[in-house]
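What follows is a short report on a single structure.
The basis for the numbers below is simple: all heavy atoms, side chains too, and nothing from hydrogens, waters or symmetry mates. Lettering of chains follows the sequences in order, A, B, ..., and the numbering in each one begins at 1.
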2 protein chains.
Amino acid sequence: MKIPSSSVSRISLYYRTVLAIKDKKVISSQDIALLAGFSAAQVRKDLAYFGQFGTPGRGYSIELLKKELKKILGTDREWDVAIVGVGNLGSALLAYKGFKHQGFNIRYAFDNDAKKINKIKQGVRIRPIQALKQVVKANKIDIAIVAVPHEAAQDVIDMLIASGIKAILNFAPRRPKAPEYIELLNIDLSIELERLTYFLQRGKR
Amino acid sequence: MKIPSSSVSRISLYYRTVLAIKDKKVISSQDIALLAGFSAAQVRKDLAYFGQFGTPGRGYSIELLKKELKKILGTDREWDVAIVGVGNLGSALLAYKGFKHQGFNIRYAFDNDAKKINKIKQGVRIRPIQALKQVVKANKIDIAIVAVPHEAAQDVIDMLIASGIKAILNFAPRRPKAPEYIELLNIDLSIELERLTYFLQRGKR
DNA sequence: TAGATTGTTAATCGATTAACAATC
DNA sequence: TAGATTGTTAATCGATTAACAATC
């Protein structure tokens with residue numbers, strides 16, 4: 001069965017929703033929907049992609065849901081993450097508390113600026129980009145965050161792939177190319193802002 | 001006619017694609033598609049939502065496309081942007097060169113940390129959150145970026161809306177509520193990372 | 001004129017919503 | 001048993017792709 005990728009994002013939101021519930025043991029799809037901002041049918045459908053977690057007439061056990069959703073998302077364990085590019089954005093991501101909190105540990109950082117090499121940021125030593133392949137391989141790192149200028153992005157991503165990385169969160173604009181078996185997710189801040197100005201502009205026509 | 005929101009994001013990518021072309025006067029939907037990574041049919045369809053920009057048998061004038069796409073996206077002018085929250089992420093966004101380059105000027109910054117108030121970052125003076133309403137109103141700011149901790153997000157967004165802001169790019173998790181007429185776009189870094197771990201996890205089942 | 005390529009309509013595909021039998 | 005709510009199937013909606021007449 002193929003699962004819509006938007007369904008996966010919603011599972012993340014359902015997970016946060018049930019995490020926040022402290023005063024109940026069981027919750028209905030209707031209530032999850034209300035709290036997370038979707039429809040009850042959508043909640044049931046999304047959950048049903050992954051199994052039968054509920055009890056007709058009663059709802060979903062919150063305890064079970066917490067456990068199962070974590071499993072689905074792969075956040076029932078911790079993940080080591082490498083970050084490439086420790087400029088403004090990279091440093092901010094390195095310092096971002098939210099990641100650690102969700103079980104993502106940025107343990108490795110790389111940059112090509114000689115002035116930054118061997119400096120320690122947030123407890124992480126910045127390594128030269130030349131060390132990337134060896135370090136990623138030796139430590140079997142699965143996830144990388146790319147926060148380099150766009151000119152460097154494709155090269156860095158090629159290096160990461162050659163080093164055995166499996167999933168990449170890329171902040172550099174100009175969507176780089178990667179083979180099918182790599183999960184490459186682009187976050188392009190300018191495109192997001194342009195969606196806003198499109199909306200503002202449109203109102204004026 | 002209602003235009004898919006994914007179409008707008010693609011328009012941004014088409015715009016970048018044609019911007020990068022220097023050696024031709026005219027380009028076909030086929031070539032745009034190839035460069036931007038979509039199908040020719042999709043390119044023509046997306047462009048057709050907004051007008052007839054091409055010439056059958058010849059293609060699209062690159063000059064015209066640059067002008068028209070900019071107009072569609074609302075980036076044929078500069079926009080003043082306010083940022084709320086000048087922590088790690090907020091500071092990085094304030095320093096991000098890409099915005100300025102696309103015509104987005106972050107001219108106003110707000111924070112509630114007394115130690116930061118009146119400090120200058122990237123040429124922008126950090127103002128107390130209490131000044132938000134007055135400043136946003138007086139300067140008719142349309143766009144705000146929210147980079148505060150999630151506990152504060154809803155309050156900040158309510159303040160922005162009350163101040164007349166029209167579009168918000170929100171980096172705080174826990175999707176806040178906003179009325180229909182406000183364009184609220186959420187970027188949730190943890191959800192993106194969870195899409196990656198879902199993918200990694202899935203491979204193991 | 002022949003070849004190329006648009007703009008648009010129709011066909012397909014995929015995702016969301018609605019409905020309801022099964023069941024606690 | 002009656003009421004509630006799931007899991008799933010069918011209906012609807014929306015977006016993408018394919019096809020092609022119009023036209024440069």
Side-chain angles (χ1 to χ4, degrees), chain A residues 1-14 17-18 21 24-69 72 175 191 195 198-199 202, chain B residues 1-14 17-18 21 24-69 72 175 191 195 198-199 202:
Chain A
M1 194 202 333
K2 106 223 108 1
I3 294 159
S5 90
S6 45
S7 175
V8 178
S9 303
R10 285 192 300 266
I11 294 278
S12 288
L13 292 167
Y14 303 156
T17 300
V18 296
I21 296 170
K24 293 199 293 186
K25 289 235 169 307
V26 165
I27 189 168
S28 67
S29 57
Q30 180 59 238
D31 285 352
I32 298 175
L34 231 60
L35 290 166
F38 302 99
S39 75
Q42 180 115 73
V43 171
R44 291 202 299 279
K45 186 108 239 241
D46 286 337
L47 294 176
Y49 284 126
F50 299 100
Q52 309 192 155
F53 306 127
T55 313
R58 316 205 89 266
Y60 300 88
S61 151
I62 289 171
E63 211 46 53
L64 180 81
L65 226 41
K66 284 183 191 169
K67 218 183 71 203
E68 293 293 337
L69 298 185
I72 292 166
R175 2 212 85 186
I191 286 185
R195 285 171 63 182
Y198 164 77
F199 171 85
R202 196 188 46 155
Chain B
M1 194 198 338
K2 108 219 107 6
I3 294 156
S5 91
S6 45
S7 176
V8 177
S9 302
R10 284 192 300 267
I11 294 277
S12 287
L13 291 166
Y14 303 157
T17 300
V18 296
I21 296 169
K24 294 199 293 187
K25 289 238 169 306
V26 165
I27 190 167
S28 67
S29 57
Q30 181 59 238
D31 286 352
I32 298 175
L34 232 59
L35 290 165
F38 302 98
S39 74
Q42 180 117 73
V43 170
R44 290 202 298 281
K45 184 109 242 239
D46 285 337
L47 294 176
Y49 284 127
F50 300 100
Q52 309 193 158
F53 306 127
T55 313
R58 315 206 89 266
Y60 299 88
S61 151
I62 289 171
E63 212 44 55
L64 181 79
L65 227 40
K66 285 183 191 170
K67 218 184 70 201
E68 293 293 337
L69 298 185
I72 291 166
R175 3 214 81 186
I191 285 185
R195 284 171 63 181
Y198 164 77
F199 171 85
R202 195 189 47 157

Considering only dT5(C), dT16(C), dC24(C), which nucleotide approaches the side chain of Ser6(A) most closely? dT16(C)
dC24(C), dT6(C), dT17(D): which one has an atom nearest the side-chain heavy atoms of Lys45(B)? dT17(D)
dist Tyr49(B):OH -> Arg44(B):CZ (nearest 0.5 Å) comes out at 13.5 Å
Kindly compute the distance separating CZ (Phe50(A)) from OH (Tyr198(B)), expressed to the nearest 0.5 Å. 4.0 Å
What contact category does Ser29(A) fall into here, base, sugar-phosphate, or nothing, at under 4.0 angstrom with non-hydrogen atoms? sugar-phosphate
At what distance, to the nearest 0.5 angstrom, does CG of Leu69(B) lie from CG of Leu47(B)? 6.5 Å
With a 4.5 Å limit on heavy-atom distance, are the side chains of Ile32(B) and Leu65(B) in contact? yes
What nucleotide, of dT8(C), dT5(C), dT5(D), holds the atom closest to the side chain of Ser28(A)? dT5(D)
Return the nearest nucleotide to the side chain of Lys2(B); candidates are dT5(D), dA15(D), dT23(D). dA15(D)
Within the structure, does a side-chain N or O atom of Tyr60(B) lie under 4.0 Å from either OP1 or OP2 of dG7(C)? yes
Complement of dC13(D), any strand, by Watson-Crick or G-U distances under 3.5 angstrom: dG14(C)
Base-pairing assignment for dA21(C) (Watson-Crick or G-U wobble, both under 3.5 Å): dT6(D)
Using a cut-off of 4.0 Å on non-hydrogen atoms, how would the nucleic acid contact of Arg44(A) be classed: base, sugar-phosphate, or nothing? base
Nucleotide dT6(C), atom P - distance to CZ of Phe53(B) in whole Å: 14 Å
How would you label the contact of Ser7(B) with the nucleic acid (heavy atoms, under 4.0 Å): base, sugar-phosphate, or nothing? nothing
Any side-chain N or O of Gln30(B) below 4.0 angstrom from OP1/OP2 of dT6(C)? no
Checking dT8(D), dC24(C), dA15(C) against the side chain of Gln52(A) (C-beta onward), the nearest is dT8(D)
Ala48(A) side-chain proximity, nearest of dA15(C), dG7(D), dA10(C): dG7(D)
Compare side-chain N and O positions of Arg10(A) against OP1 and OP2 of dT16(C) and report whether any pair is under 4.0 Å apart. yes
Among dG7(C), dT16(C), dT16(D), which is the nearest nucleotide to the side chain of Gln42(A)? dT16(C)
Check: Ile3(B) and Arg202(A) side chains under 4.5 Å, non-hydrogen atoms: no
Nearest whole angstrom, please: distance from the C1' of dT8(C) to the OH of Tyr49(B). 11 Å
